[in-house]
Each structure stands twice: as structure tokens, then as C-alpha cells.
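Worksheet: one structure, shown below.
A, B, ... follow the sequence lines: proteins, then strands. Residue 1 opens every chain. Below, each value reflects all heavy atoms present in this structure, side chains not excepted, and no hydrogens, waters or symmetry copies.
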Number of protein chains: 2
Amino acid sequence: MLAQMDIGGIPGRTRAEAAPIRPADGVCPFGGAIDLMGASMAFARNEEIYGEGEPAEYLYKVVSGTVRTYKTLADGRRQVGAFHLPGEMFGIETGGQHAFSAEAIDDAKVLVIKRSAVFSLAERDNDVARQLWELTARELQRVQEHLSLLIKTAQERVVGFLLEMAERAHAGNQIELPMSRQDIADYLGLTIETVSRTLTQLATMAAIEVPTSRRIVLRNRAALARLNA
Amino acid sequence: MLAQMDIGGIPGRTRAEAAPIRPADGVCPFGGAIDLMGASMAFARNEEIYGEGEPAEYLYKVVSGTVRTYKTLADGRRQVGAFHLPGEMFGIETGGQHAFSAEAIDDAKVLVIKRSAVFSLAERDNDVARQLWELTARELQRVQEHLSLLIKTAQERVVGFLLEMAERAHAGNQIELPMSRQDIADYLGLTIETVSRTLTQLATMAAIEVPTSRRIVLRNRAALARLNA
DNA sequence: CGACCATTTGATATGGATCAAGCGATGTGG
DNA sequence: CCACATCGCTTGATCCATATCAAATGGTCG
């Protein structure tokens, strides 16, 4: 995490820099109750939100921009655990420590919510408790789907990634990728070269179109679904 | 699941076959409250406990034996999601449907607990709700560790698997594997041949010993930890 | 003993990694 | 405004870890 911490209950920022408490923009999985407990913070491109091994004191919700969580292995290999889009929560670690680091992929606004506040609220409010559980269960499902990707071929992984992004961004067939090829590669357990080659291959078979490197158009969903195994 | 269902609230068995309700043998993550709501059932080697896509009406807890959960892809590839040892719960699916199938690896006794009963109890009892959440969070952590395994080399995966099993069976350095090489391969995203070769290789370098194919002795933990990256 | 199944071992093939170069977009200093 | 460095991405050549195909071994049960 950043050097300056916990001024006014908001991590990593001085009070002057942090926006005041306000309702979130995105859909709220807690019906608003929990969002109201948080403060909005802005992070610049590639800025760290929290680090692996730090105490997990907050829950986070993406307001705008995109966040990646990742782990770095001893030998430098990096595993991207997830990409979080606006409206999604992250930092749902199980122990008291963050198992992953989190960084803003592009300039991002994040709602930061004190864990202890949520937990003590959950003690009293069944509804909050249930939603906290559902949040964890949804995250579990997401990780299980990610795991399923990793046992497949390179082509299947890339196709699975594209379909996942298209669905989550619910942007129809036009995907605007906020992350680099390296991010995608580390998410899929591949190299950038393989990701790049696979994309050109998909473009060659007219399943997708790549007008710019960060923009992808799904041209043939049926073909992609078939390649998805 | 099996053809005959839901006789006396116990799935997949006639009343005559099912043992009466009784407390569980293993450690109970619910302090006993939930175990008492369940009935014990015996499953034979390779018998299905539930199938992918079936409605998830029950939670399960291994009393004795071992259970594997798995998914089968369209082309026949199989992904083993987890091995569950005595004392561990499984069937914590997120939606209303089971995302995986579950089978007894060897003859196994399983405590079967009605989901609806647990959930309605959780509505009233904060403690049960918290433990349900912790259970899900622990499962999340387990899946994340599994995911970490899958981005590594074959040797690292096998070593990681052995260390995981040694820890979970808390049997010191002597591991008795209930599952076949095929099960291990499908868990690690490798082939049986690669698993087998890797084990002989580890034995050759004196990191482990394989007195019988299902028994493994960890000979040099430091070396194994080093190979684990 | 003999059949069967799981496991190991061997030979070869291949998908993706690695090493290396080229290319286009963006930004910077002269 | 242009030369040029930089960065992210693509493309090409080669290598290697693991898959695949095939056969031998060993343990279990009738």
C-alpha cells in the first residue's frame, strides 16, 4: 500500500485528496446500506490499491475504471487473479491478510469500505449478512470459472476470456479492453506472444476483428462458442 | 444423482439403506448445530453423490473416506475440482445448481444436510450465518490455491499437490493416497504419464519415496519446498 | 494360474515458450 | 515540425516441456 495511511479512516490518501463520502454510481449488491459506509478514492494508472500480505481492513468497489488483482511468485512470474469492472467488488480476502495485490489498470475511482463496519453491521442485520455471503459465493464461482479456463488450450482460453469480457462489459459484440496483452497473458497463464498470435488467428478465421489492439469485435459468436469447448 | 430420491428426506437411498440421524465423527465447523440436522449415508467406491446440473438441495460433510468433485467437458476431458477428506464439507455451490459432480473415491460415509434447513437457521442465528460464510470463504481460498497450482510447471504442480495432501491429512511425512493417478492428473491439468514420470523423478532425486503406488513418503521437505517455487 | 486394471517406462510428436527482430503509435527534445 | 527514442504489440525462427502413442510391468482377484 502507499506510505501515508489511515487519515480520516481512508487508506493511502490524505483527507484533502480523498473525495467526501457519497453514494456509489454502480449497482449495489448491498442495496445501498454498505456503499454509504464507504469513501470514494481515485487511483492513477498502475497505482497500487493494496499489496499482497497487507492486513485486509477494507472492502472495495469499482466505481469507474478497471482494477487487476495479482500475485507475484518468487521467480517473478505474475498471476493475475481477476479483472474488476465498474460495479464489481473486490478485496474479499478470506484471512486477515490480502492474498493478492490490487492495482488500477487505468485511472480508476474506487469506493473504499471499512471491513469492521460491514462485519459489525452483519452481526445485527441478517440482510447484510446474507449479501456478504452471496458476494463471497459469487467470487467463488468466478474463481472456479477462471480455474476451468486454465486447463484448456491457448485458443480456448483466449476465446473464453473474450466471451467473459463481452458478457461482463455487456457491450454487445464490441469490447474495449482496458488491460495490456501482458495482463491478459498473466490472467490466462500464457505468454503475450501466444495471446497475440491467437488473436490474429481468430481474426484470420473471421471469428473476431481487431481494429485497434485494445478494441475487439466479436464477428461470429457461434464459431467462438464452438471454439470455447 | 441416483434414480430413487428423497425418501424420508434423504437423497438417493431408501429409508432402509440410510443410517439414522446421528452426530458426526469429524470436527464440526458449525459447532454441532448443523451436523445434527444431517443424516449419514454410505457411498461405495465410484458411486455418484450428486451430478453436475442437478438442483443443489443439500450440503455434505465427509465422515470417512474421500470424495472428488469434477466437471466433464464436452469433449470428454475431465477437470477434478477438489478432493475432500474426512471432516471437510462440500457441495457449497453458489447457484441453485451443482456446478460439479461428486463421487466417492473409496467407500465413504457422508453426512447429508438439507440446505433449506441451514439457510433458515442462518436467518435466525447469527453464528450459523457467520460459519456458513466462513465455510464459503475457506472454499474460495482453496480454489484460489488450486488456481495458483495450474499456472506452474508439472513438477511444481505435483510437489504442490503432495505438500497439500500431507498438510490436509496431517499425517506427517507419510501420505496414503486414496485417489488414482488419473484423478491426480485431472486435478493438476496433466496426464497420468506426466504425473507418474514426475513422481519417479522426485524419487530419483531422493525428495520422496514411493514404496507402493498409493503411498508416498516425503523424504526431503526442504528440497520439495524449493521445487514448489 | 490367468485376466484385468493401474501404473510405469519408452519413443515420438506438438503446442506453446523462448529468443529475436520488426512495426506502428505516442511522446519528447532540438 | 520533424528526427528519434520508447513502448506495446505483432511476427518469425527455434526449442523444449508435456502430450500422445505404444508397450512392458506389477498388483489384485476370480
Could you tell me how far apart A:Arg215 (CZ) and D:dG8 (P) are, to the nearest whole angstrom? 20 Å
Please classify the nucleic acid contact of A:Arg157 as base, sugar-phosphate, or nothing, using heavy-atom distances under 4.0 Å. nothing
Side chains of B:Glu156 and B:Thr153 only: does a donor on one sit below 3.5 Å from an acceptor on the other? yes
Could you give the CD1-to-C1' distance, from A:Ile216 to D:dC9, as a whole number of Å? 12 Å
Keeping B:Arg181 on the side-chain end and B:Thr191 on the backbone end, is there a donor-acceptor pair under 3.5 Å? no
What is the separation between atom CG on B:Leu199 and atom P on D:dT18, rounded to the nearest whole Å? 14 Å
Whole angstrom value for the distance that separates P of C:dT9 from CD1 of B:Ile192: 13 Å
Test B:Gln79 against A:Ser148 for side chain to side chain donor-acceptor pair (under 3.5 Å), laying out the working first. CA-CA 8 Å; B:Gln79 178 202 352; A:Ser148 294; 3.1 Å; yes
Heavy-atom contacts, protein to nucleotides 24-30 of chain D, under 4.0 Å, summarised as B (base), S (sugar-phosphate only) or - (none) per nt, yield -------
Looking only at C:dT7, D:dT10, D:dG12, the nucleotide nearest the B:Arg214 side chain is C:dT7
Is A:Arg115 positioned over the aromatic face of A:Tyr58, cation under 6.0 angstrom from the ring centre and no more than 45 degrees off axis? no
Residue A:Ser213, side-chain heavy atoms: nucleotide from D:dA19, D:dC9, C:dG16 that is nearest: D:dC9
Check the distance between C:dG10's C1' and B:Arg197's CZ and give it to me in whole angstrom. 7 Å
Distance, rounded to the nearest Å, where A:Leu150 contributes CG and C:dG16 contributes C1': 15 Å
Heavy atoms of A:Glu103 and A:Arg68 approach each other most closely as OE1-NH2, 2.6 Å
Starting the side chain at C-beta, find the nucleotide from D:dT10, C:dG16, C:dT9 nearest to B:Glu193. C:dT9
Ordered by number, residues from residues 184-191 of chain B within less than 4.0 Å of DNA chain D (heavy atoms) are B:Gly189, B:Leu190, B:Thr191
Correct closest heavy-atom pair for B:Ala229 and A:Arg77 would be CB-NH2, 3.4 Å
Looking only at the side chain of A:Ser180 (C-beta and beyond, no hydrogens), which of the listed nucleotides C:dG10, C:dA6, D:dC9 gets closest? D:dC9
Any side-chain heavy atom of A:Asn46 within less than 4.5 Å of one from A:Asp106? no
Kindly say if A:Thr194 contacts the phosphate of C:dG16, meaning a side-chain N or O under 4.0 Å from OP1 or OP2. no
In terms of ring plane angle, is the pair B:His146 and B:Tyr187 parallel, tilted or perpendicular, where the classes change at 30° and 60°? parallel
Taking the nucleotide of DNA chain C with the nearest heavy atom to each, does A:Gln155 or B:Gln182 sit closer to the 5' end? B:Gln182
Side-chain H-bond candidate by donor/acceptor type, B:Tyr60 with B:Glu88, under 3.5 Å: no
Contact class for B:Thr200 (heavy atom, under 4.0 Å): base, sugar-phosphate, or nothing? sugar-phosphate
Rounded to whole Å, CZ of B:Arg77 lies from P of C:dG15 at a distance of 13 Å
Just wondering, are more than 12 heavy atoms of other shown residues or ligands nearer than 6.0 Å to CZ in B:Arg45? no
Figure out the CE/C1' separation between B:Met179 and C:dA6, and round it to whole Å. 15 Å
